[in-house]
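When reading the values below, keep in mind they use all heavy atoms of this one structure, side chains included, and skip hydrogens, waters and symmetry mates.
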Amino acid sequence: QVRLVESGGGWVQAGGSLRLSCAASVRTFSSYAMGWFRQAPGKEREFVAGISATSARTHYADSVIGRFTISRDNAKNKVYLQMNSLKPEDTAVYYCTASTRYSGSSVYDLRNRSIYDYWGQGTQVTVSS
């Protein structure tokens, strides 16, 4: 069983930055692809960013390219989401997720919600205009 705990959410003005962290309680963290998804009120959960087990591949939703950066530290069992130039439309609950089923053949697979096996509880990000 994998437990994922997100932190770092909060309230920020438009144009500001936040750094989300996700701590994973698993011995083989370095074998998991990781992702961040978000869900705004009344909307479906959507892909934000994904990273392969070795950090060799990353992939982003078009709406966050150039503003968000995903990274991981396998020695610390953590994955991060650095969010800059935040916009009100980034307001959502952000979820960390882990997958053992990412084949590595295509970065586009990282945006496929069905490959992810474990989810955190989420952390709220609110961006005011």
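Using a 4.5 Å cut-off on side-chain heavy atoms (C-beta onward), Phe68 and Asn84 make no contact. Considering only heavy atoms from C-beta on, Leu20 comes within 4.5 Å of Thr123 through its side chain. Counting only heavy atoms from C-beta outward, the side chains of Gln82 and Ser17 approach each other to under 4.5 Å. The side-chain heavy atoms of Gln124 and Tyr94, taken from C-beta on, include no pair separated by under 4.5 Å.
Residues meeting the side-chain contact (heavy atoms from CB on, under 4.5 Å) test with Thr28, sequence neighbours left out: Val26, Ser31, Tyr32. Scanning for ring pair (Phe, Tyr, Trp, His ring centres under 6.0 Å) contacts around Tyr116 gives Phe37, with sequence neighbours left out. With sequence neighbours excluded, no residue forms a side-chain hydrogen bond (donor to acceptor under 3.5 Å, both in side chains) with Glu89. Remark: Arg67 engages Asp90 in a salt bridge (Lys or Arg N to Asp or Glu O under 4.0 Å) (not counting sequence neighbours). By the side-chain hydrogen bond (donor to acceptor under 3.5 Å, both in side chains) test, Ser105 is found to be paired with Ser103, residues two or more places apart in sequence or in another chain being considered. Residues passing the salt bridge (Lys or Arg N to Asp or Glu O under 4.0 Å) test with Asp117 are Arg101, sequence neighbours excluded. Residues meeting the side-chain contact (heavy atoms from CB on, under 4.5 Å) test with Ala56, sequence neighbours left out: Ser52, Thr54.
For the pair Tyr60 and Ile65, the tightest heavy-atom approach, listed with the atom from each and the gap, is CB-CG1, 3.7 Å. Residues Thr58 and Val107 approach most closely at O-CG1, 4.1 Å, considering heavy atoms.
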Stepwise side-chain contact (heavy atoms from CB on, under 4.5 Å) check, Val48 with Leu81: CA-CA 9 Å; Val48 176; Leu81 186 68; 4.1 Å; yes

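Between Asn74 and the choices Lys76, Lys78, Arg72, the side-chain hydrogen bond (donor to acceptor under 3.5 Å, both in side chains) rule is met once, by Arg72.
Applying the disulfide (SG to SG under 2.5 Å) test to residues at least two apart or on different chains, the pairs with a partner in residues 88-129 are Cys22-Cys96. Counting only residues at least two apart or in different chains, salt bridge (charged side-chain N to carboxylate O under 4.0 Å, His left out) contacts with residues 120-129 are absent. Every pair passing salt bridge (charged side-chain N to carboxylate O under 4.0 Å, His left out) that includes a residue from residues 39-66 is listed here, sequence neighbours excluded: Arg38-Glu46. Within the structure, salt bridge (charged side-chain N to carboxylate O under 4.0 Å, His left out) contacts touching residues 2-20 (residues at least two apart or in different chains) do not occur. Identified under the salt bridge (charged side-chain N to carboxylate O under 4.0 Å, His left out) test for residues 120-129, with sequence neighbours left out: none.
Without hydrogens or angle criteria, Ser99 side chain to Ile115 main chain gives a donor-acceptor distance under 3.5 Å.
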